[in-house]
> 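Take this structure first; my questions come after.
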Number of protein chains: 2
Amino acid sequence: MRVTIHDIARIVGVAPSTVSRALSGKGRISPTTRERIRKVAEELGYQPNMLARGLATRSTCAIGVVIHERHLPLDERSFYGVILETIEAEVSKHGYHVVFSTLRNQSLPRCIKERRVDGVIFLGTDINEELIRPINEELPVVLVDHCLSGLTSIVSDNVGGAYLATEHLFSHGHREIAFVAETLEDPSFRARFEGYRQALEWYGLRVKKELVVEGGRRSDSDQIAMKKLLRKRKLPTAIFAANDFMAAGAIKALTKAGLSVPDDVAVVGFDDGALATLVHPPLTSVRVPRVEMGKTAASCIIKLLASPSETSQVIVLSTPLTIRESCGCKGT
Amino acid sequence: MRVTIHDIARIVGVAPSTVSRALSGKGRISPTTRERIRKVAEELGYQPNMLARGLATRSTCAIGVVIHERHLPLDERSFYGVILETIEAEVSKHGYHVVFSTLRNQSLPRCIKERRVDGVIFLGTDINEELIRPINEELPVVLVDHCLSGLTSIVSDNVGGAYLATEHLFSHGHREIAFVAETLEDPSFRARFEGYRQALEWYGLRVKKELVVEGGRRSDSDQIAMKKLLRKRKLPTAIFAANDFMAAGAIKALTKAGLSVPDDVAVVGFDDGALATLVHPPLTSVRVPRVEMGKTAASCIIKLLASPSETSQVIVLSTPLTIRESCGCKGT
DNA sequence: CCTCCTTGCGCAACCGTTTGTCCACATTAT
DNA sequence: ATAATGTGGACAAACGGTTGCGCAAGGAGG
C-alpha cells in the first residue's frame with residue numbers, strides 16, 4: 001500500500017491535518033515540525049493521492065484537449081499534433097496534465113462530462129457550438145483555430161495570410177491564379193479563400209469560377225482537385241493551395257503531367273509545416289504558427305483557471321509568408 | 001452544485017447506498033425502486049463524480065500514454081500521433097481515457113508518479129529501463145516500438161521489413177544498395193540496418209561502409225546524409241532509407257542533382273506513412289502497421305487491467321512491402 | 001498578577017462514492 | 001403455530017486528503 005499522510009502523521013507523532021499543512025505550506029506550522037514532516041515524507045517517498053486531493057478541493061489538475069475526429073489522423077495531414085504536444089509541455093509547467101480525447105459523432109467525451117478536468121481546450125473547427133456553450137457554463141474553455149463569441153479563441157490570420165500569398169503571386173506577374181482546396185465548407189479554408197478573393201479584388205481582378213477547385217474530403221482529394229484543374233482548356237500560371245497537403249499534391253500532379261514547378265506553374269501553400277520542406281521544390285507557404293498557438297492556448301487556459309471571471313478575448317496570430325522555391329521568385 | 005447520489009437518495013426517499021447499487025446494477029435491489037432511482041437520476045442529469053468513485057475503488061479509469069521527447073514533434077517526422085489517437089479510440093470504448101504526456105529529461109510525468117492512471121503505455125524507444133521497471137511493479141505497462149524482457153511489448157518487424165526491402169531491390173538487379181538513416185543509435189534504425197545486412201549477406205554481398213550513411217539528429221539530416229552519399233566517386237543504383245523522411249529527402253536531393261528516381265537511382269523507404277504518397281514519385285515503402293500497433297497496445301493494456309497477472313508477451317507485427325513507383329519495378 | 005494575542009497544533013467534518021454488515025420483513029418449510 | 005430461509009434496503013466505515021474551528025501554552029502589555 002502506498003504511504004499516506006496518516007502514515008507520516010503516526011511516525012512523526014502529529015495529526016494528519018498537520019502533515020497536510022506542513023506539506024502544502026498553508027497554515028501556521030512551526031518551522032521545526034515542518035522540517036521533520038518534510039524529511040519523513042521524503043524518506044518514505046510520499047506521493048499525494050491526487051484523487052483524494054481533487055475530491056477535497058474540487059479540482060483535478062487536468063485539462064482536457066479535445067480534437068474533432070475530422071482533423072484526424074494526427075499525421076502529415078493535420079498539424080494538431082504539434083499543438084497538442086506544445087500544450088502539454090506548457091501546462092505541465094504549471095502542474096497540470098493533459099487528458100487527450102477526440103470528439104466522436106459530436107458527443108462530448110466522458111472525461112469532460114464527468115468533470116475529470118478543470119478546463120477544456122478545443123482544437124479545430126467543426127465543433128458544434130451547442131456542445132461547447134454548456135461546458136463553458138461550468139468550466140473555462142479555450143478555442144484553438146475556431147472562434148465563438150464570448151469565448152477565448154486563438155486563431156491564425158487565415159484571411160491575411162491568404163491575401164499575402166495571393167498578393168505575392170500577383171506581384172510576380174501572375175494574373176491567372178487558381179485556388180485549390182479540399183473543401184470550402186471548412187471555415188479555415190473558406191477564410192483562406194476570402195483572403196484570396198480580397199487580394200484579387202484589390203488588384204482589379206475577379207475570381208474566376210473555373211480556377212477555384214475543391215477535391216472533397218477523400219484522402220486523394222489533392223489528385224481529384226488537380227485532375228479537375230488540368231482538364232481546363234487554359235491552365236493557370238499559379239496555384240494557391242489552401243494547405244500544404246494540397247500544394248504538395250499540386251506539385252506532384254504538375255510534375256507528373258510534365259510541367260515544371262515553378263517555371264510553368266508557380267505554387268504557394270498554406271501551413272508551412274514539415275511537409276513544406278519535404279517536397280521538391282520546397283514549398284513557399286504561409287506560416288501557421290502552431291507552436292505559438294499551442295503556447296497561447298496553454299497560457300490562456302492557465303489564466304482562466306486562476307481567475308475564471310477573466311474576460312474572453314480573440315487572439316489573432318499573424319501568418320507571414322515563408323518564401324522558398326515553389327513560387328519561382330527566389331533571388332528576384 | 002452538481003447533483004450527487006445523496007440528492008437522488010433524498011428525492012426518492014432511499015439511502016445513498018441504495019442509489020449507488022441501483023445505478024451500478026450490483027447488489028440486490030427490487031426492480032421497481034431501481035427504476036424509480038434510474039428515472040430520477042436521468043431527470044436530474046446525474047453524472048457520477050469519478051474522483052470520488054476512483055478514491056473508493058482505487059481506480060482512475062485513465063491510462064497514461066507516454067512518449068519520449070525525442071520522438072516529437074508529432075508531425076510528418078513521427079508516426080506516434082496515429083498510434084496515440086488509435087489508442088485513445090480503443091480504450092475509450094472500454095470507458096478509459098487517455099492522459100497524454102511526454103518524457104522530459106528522463107523523468108516520469110507527475111500524473112504517473114501520483115498514480116492518476118491505472119496503466120501506462122510507453123511509446124517509442126529511448127526510454128530508460130530503470131524508469132519503466134519500477135512502474136511495472138505497481139501498474140500494468142505496455143511497450144510500443146520497444147522491447148524489454150518480462151514486459152508486454154508491441155513491435156513491428158523491423159529486421160524482416162528491411163530484409164524484404166533489400167531483397168526486393170536485389171531481385172530487380174541492384175547490387176550497389178546504399179543504406180541511409182538519421183542515426184544508427186536508434187534501436188529501430190539499427191534493426192532495419194540489420195535486416196539490410198542480413199539480406200545482402202544472404203545474397204552473397206557485403207555491406208560496403210561507404211554506402212552506409214547517417215545524417216544525424218538535426219532536422220536537415222536527410223540532406224546532410226545525401227550530401228555525404230553524393231560526394232562518393234561511385235553512386236549506388238539504389239537507396240534503402242531507414243524511414244520515409246530520409247527517403248523523401250533522398251528523392252529530393254537526387255532530383256535536385258539532376259538524377260531521376262527511379263531510373264537513375266531507385267529508392268525504398270520505411271514506415272509507409274502519409275508522406276509516402278505525398279512525394280513524387282510515390283514511395284515504395286515498408287509498411288509499419290501503426291493503427292494495428294495502437295489497437296494491439298490498447299487491447300493488451302485492457303487485458304492487463306482486467307487480470308494483472310496475465311503473462312507478458314512480445315507481439316511482433318509484420319511489415320509488408322508496399323510497392324509504388326520509387327523503386328522502379330511498377331509493372332514488372 | 002491578570003488579561004489579551006499570538007502561535008502551533010489537534011479534532012472533526014467534509015468531498016462523493018463503494019461496499020460489508022446487519023436488520024426487518026416476507027415467504028416457505030416443518 | 002414456529003423455525004429456517006430469502007429479500008430489500010439502511011447504516012456506517014472506508015478511500016486520502018483539506019480546512020474551519022477551538023484550545024492550550026507562551027509572551028507581551030497593563
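Lettering follows sequence order; numbering is per chain, from 1. What you are looking at is a predicted structure, and each value in this text was computed from that prediction instead of being measured.
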> So what does B/Ser20 touch, heavy atoms closer than 4.0 Å: a base, only the sugar-phosphate, or nothing?
base
> Verify, without hydrogens or angle tests, whether B/Ser312 (side chain) and B/Gly150 (backbone) share a donor-acceptor contact under 3.5 angstrom.
yes
> Is a side-chain N or O of A/Arg133 found less than 3.5 angstrom from the main chain of A/Leu131, in a donor-acceptor match?
no
> In terms of heavy-atom contacts, does CD of B/Glu42 have more than 12 from other residues, nucleotides or ligands at under 6.0 Å?
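Open.
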> Any residue in residues 6-14 of chain A with a heavy atom nearer than 4.0 angstrom to DNA chain D? Just list them by number, or reply none.
A/His6
> Could you tell me whether B/Glu43 and B/Lys39 make a salt bridge, using a distance below 4.0 angstrom between a side-chain N and a carboxylate O?
yes
> Across the strands shown, which category fits B/Ile5 at heavy-atom distances under 4.0 angstrom: base, sugar-phosphate, nothing?
base
> Using five pairs at each end of the helix from C/dC1-D/dG30 to C/dT30-D/dA1 to define an axis, what is the angle between those two axes, to 10°?
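Result, rounded to 10 degrees: 60°.
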> So, B/Glu90 and B/Ser299: side-chain donor and acceptor under 3.5 Å apart, yes or no?
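Per modelled atom types, B/Glu90 and B/Ser299 side chains form no pair under 3.5 Å.
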> Does anything in residues 9-19 of chain B pair up under side-chain hydrogen bond (donor to acceptor under 3.5 Å, both in side chains), and if so which pairs, sequence neighbours excluded?
B/Asp7-B/Arg10
> Is it the case that the side chain of B/Asp186 and the backbone of B/Ser188 share a donor-acceptor pair, with hydrogens and angles ignored and the cut-off at 3.5 Å?
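It does hold such a pair.
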> So, is B/Lys26 near the phosphate of C/dT18, with a side-chain N or O under 4.0 Å from OP1 or OP2?
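For B/Lys26, the contact criterion (side-chain N or O under 4.0 Å from OP1 or OP2 of C/dT18) is not met.
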> Indicate whether the side chain of B/Arg104 and that of B/Thr102 have a donor and an acceptor atom separated by less than 3.5 Å.
yes
> Contact list please: residues 52-63 of chain A against DNA chain C, heavy atoms, distance less than 4.0 Å, in numerical order.
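Heavy-atom contacts with DNA chain C come from A/Leu55, A/Ala56, A/Arg58.
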> When you compare the side chains of B/Asp118 and B/Thr60, does any donor N or O come within less than 3.5 Å of an acceptor on the partner?
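Their side chains do contain a donor-acceptor pair, which is all the 3.5 Å distance test asks for.
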> Nearest whole angstrom, please: distance from the C1' of C/dT18 to the CG of B/Asn49.
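Whole-Å distance recorded here is 13 Å.
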> For the pair A/Thr4 (side chain) and A/His6 (backbone), establish whether a donor and an acceptor sit closer than 3.5 Å, ignoring hydrogens and angles.
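It does hold such a pair.
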> I'd like to know if the side chain of B/Arg290 reaches the main chain of B/Val288, judged simply by a donor and an acceptor atom lying under 3.5 Å from each other, with no hydrogens or angles considered.
no
> Would you tabulate the pairs of protein nitrogen or oxygen atoms and nucleotide nitrogen or oxygen atoms of nucleotides 20-22 of chain C closer than 3.5 angstrom?
unit_1	atom_1	unit_2	atom_2	d
C/dG20	O6	B/Arg21	NH2	2.1

> With a 4.0 Å cut-off on heavy atoms, is A/Thr33 in touch with a base, just the backbone sugar-phosphate, or nothing at all?
sugar-phosphate
> So, A/Glu310 versus A/Ser307: side-chain donor-acceptor pair below 3.5 Å or not?
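A/Ser307 and A/Glu310 do have a side-chain donor-acceptor pair below 3.5 Å.
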> When you measure from the side chain of B/His68 to the backbone N and O of B/Arg70, does any donor-acceptor pair fall under 3.5 Å?
yes
> Do A/Thr57 and A/Ser59 get their side chains close enough for a donor-acceptor pair, meaning under 3.5 Å?
yes
> Of all nucleotides in DNA chain D that come within under 4.0 Å of a heavy atom of chain B, which is furthest toward the 5' end and which toward the 3' end?
D/dT7 to D/dG16
> Quick one: does A/Arg21's side chain have a donor or acceptor within less than 3.5 Å of a partner on A/Arg28's backbone?
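Checking the backbone N and O of A/Arg28 against the side chain of A/Arg21, no donor-acceptor pair under 3.5 Å is found.
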